[in-house]
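Right, one structure below, let's go through it.
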Number of protein chains: 2
Amino acid sequence: MPKISDKQREGRRQQILEAALACFAEDGFHQTGMADIVKRSGLSHGAVYLYFQSKDDLIEALADDRHRREAVLNSVAQGSGDPIEGLHALVRVYAQWLTDPAGEARRRVGIHGWAEALRNRRVRSSVVEGIDMPRALIVALVERGQHDGLIKRDLGAEAIARMLIAIFQGFVLQKSWGEDFDVAACMAAVDGVIDGLRTTRPDVKRRTRT
Amino acid sequence: MPKISDKQREGRRQQILEAALACFAEDGFHQTGMADIVKRSGLSHGAVYLYFQSKDDLIEALADDRHRREAVLNSVAQGSGDPIEGLHALVRVYAQWLTDPAGEARRRVGIHGWAEALRNRRVRSSVVEGIDMPRALIVALVERGQHDGLIKRDLGAEAIARMLIAIFQGFVLQKSWGEDFDVAACMAAVDGVIDGLRTTRPDVKRRTRT
DNA sequence: AAATAAAAAACGATCAGTCAGTCATTTTTA
DNA sequence: TAAAAATGACTGACTGATCGTTTTTTATTT
């Protein structure tokens, strides 16, 4: 006989998570106090601990970003046909995610999570698994392209995948620090690199970024 | 009339810095206590505060890595001639730095520094300036290559530089988390990308990594 | 003895987390 | 249906521990 509905309960949970996200994005995990989260959520200490066992629980809950993974999946679902085009579609998704102002807090928390992953095994698992999915996706695309003779065979698909992921990670860092990071230009460079993976043909249509 | 020589003083300083580096690499800046550093250094609380005014002082002193910047400078000093070859030389330097087991602590502290840069202005300045130097270097190389007709002109030199730096940053992350990160293969992929920047010619000697 | 380096002790502040108690709502009883 | 009892949701003052830093004391060298 619950006193509030499941929907209300989930709402409270999100209320706390949003407060924690904002705090963590501002000051990092360990410089954010529970008092900060409590104040921002508008609830009390005790109430927060009804929904999350500990501060580490909150950290783990926020270290992972399910939304982004789903977006990646959708992007490949629609991107059928040419593997190279699939890679471009992926770039497009990440470019959008990188540009979205509403996602800045998530990006910042993500960076803090990368550091936290060095010392927290559960956070590390979450982070590594988070990049495993797009990695497998890229590997599959590249291997298919190589099999079909569309992509050069002299580079490992795994290495290419890790490199593309590294690019996005580095871009997140640079964008989060820098005042003058030109997302469009950098994404165009990535598109250029992807086109460079093509087996050399007489006339290759070169993509241009919108 | 000092009781210990300047050499001894500098030795003590390094002793503390090394202890702090090891601690920060293990647990991050804010999860490391001064007591940890004191214990590891073999000194006392008071002694440490004779050499550093505060914990933040230690963080700032370690957030930057002068050694690496010097290595980058040297690499380009020796790499004259072909700009593309200069980029490959840069890749070689970073590959070595990424592989060196003795540098693992520095890499880990570097990652913590990337997160800290989000909320600490001085650390951010240090980090951003740290990448500004290699960035300017790559930009200069690429622009020279483009001017000489060796490198394609359809991509911005700035964007290419940021992309290459992003690759290295991402590799540092992935290597520090992962158990199965193939440095050689990934560096080969970077070499492949760099070769892809070349203006298309009939026969291009393709590099192979040692 | 004078000076300085280092060690030891102690400082107030802040931390994550707890728990006895209040309030509001629901269920039971009459 | 109305009062009583029960329970869930929530509060906030409080705890012991730990934080970075300062002050005091001891040891060592000139």
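Labels below follow one simple rule: chain letters A, B, ... track the order of the sequence lines, proteins then strands, and each chain is numbered from 1. These values consider heavy atoms only, across backbone and side chains, with no hydrogens, waters or symmetry-generated copies.
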Between C/dA6 and B/Tyr49, is there an OP1 or OP2 to side-chain N/O distance shorter than 4.0 Å? no
Pair B/Lys39 + B/Asp36, salt bridge at N-O below 4.0 Å: no
Just compare D/dT21, C/dA7, C/dG17 and give me whichever is closest to any side-chain atom of B/Lys55. D/dT21
Of B/Gly46 and A/Met34, whose nearest nucleotide on DNA chain C comes first from the 5' end? B/Gly46
Quick note, A/Leu43 side chain, CB onward, closest among D/dT11, C/dG17, C/dA5 is D/dT11
What is the distance, to the nearest angstrom, from the CD atom on A/Gln15 to the P atom on D/dC10? 9 Å
Of all the choices, D/dG12, C/dA5, D/dA9, which nucleotide is nearest to the side chain of A/Ser44 once you look at every atom? D/dG12
Given atom CZ of B/Arg13 and atom P of C/dA6, what is their separation to the nearest angstrom? 14 Å
Are any side-chain N or O atoms of A/Ser41 and backbone N or O atoms of A/Gln15, one a donor and one an acceptor, separated by less than 3.5 Å? no
In whole angstroms, the gap separating P of D/dG20 from CZ of B/Phe52 amounts to 16 Å
Can a side chain N or O of A/Arg9 be found less than 4.0 Å away from OP1 or OP2 on D/dG8? no
A/Lys39 atom NZ is separated from C/dA16 atom C1', nearest whole Å, by 16 Å
Relative to each other, are the rings of A/Tyr94 and A/Phe168 parallel, tilted or perpendicular (30° and 60° limits)? parallel
Using whole Å, what does the distance between atom C1' of nucleotide D/dT21 and atom CD1 of B/Ile37 come to? 13 Å
If you draw the axis of the six-membered ring of A/Phe24, does the NZ or CZ of A/Arg108 fall within 45° of it and under 6.0 Å from the ring centre? no
Nearest 0.5 Å, what's the CH2-CD distance between B/Trp114 and A/Gln174? 9.5 Å
Rounded to whole angstroms, how far apart are CD on A/Gln53 and P on C/dA16? 17 Å
Given atom CG of B/Leu50 and atom C1' of D/dT24, what is their separation to the nearest angstrom? 13 Å
DNA chain C: A/His30 or B/His45, which has the more 5' nearest nucleotide? B/His45
Send over the distance from A/Leu58 CG to C/dG17 C1', rounded to a whole Å. 13 Å
May I ask you to say what A/Thr32 touches in the nucleic acid, namely base, sugar-phosphate or nothing, with a heavy-atom cut-off under 4.0 Å? sugar-phosphate
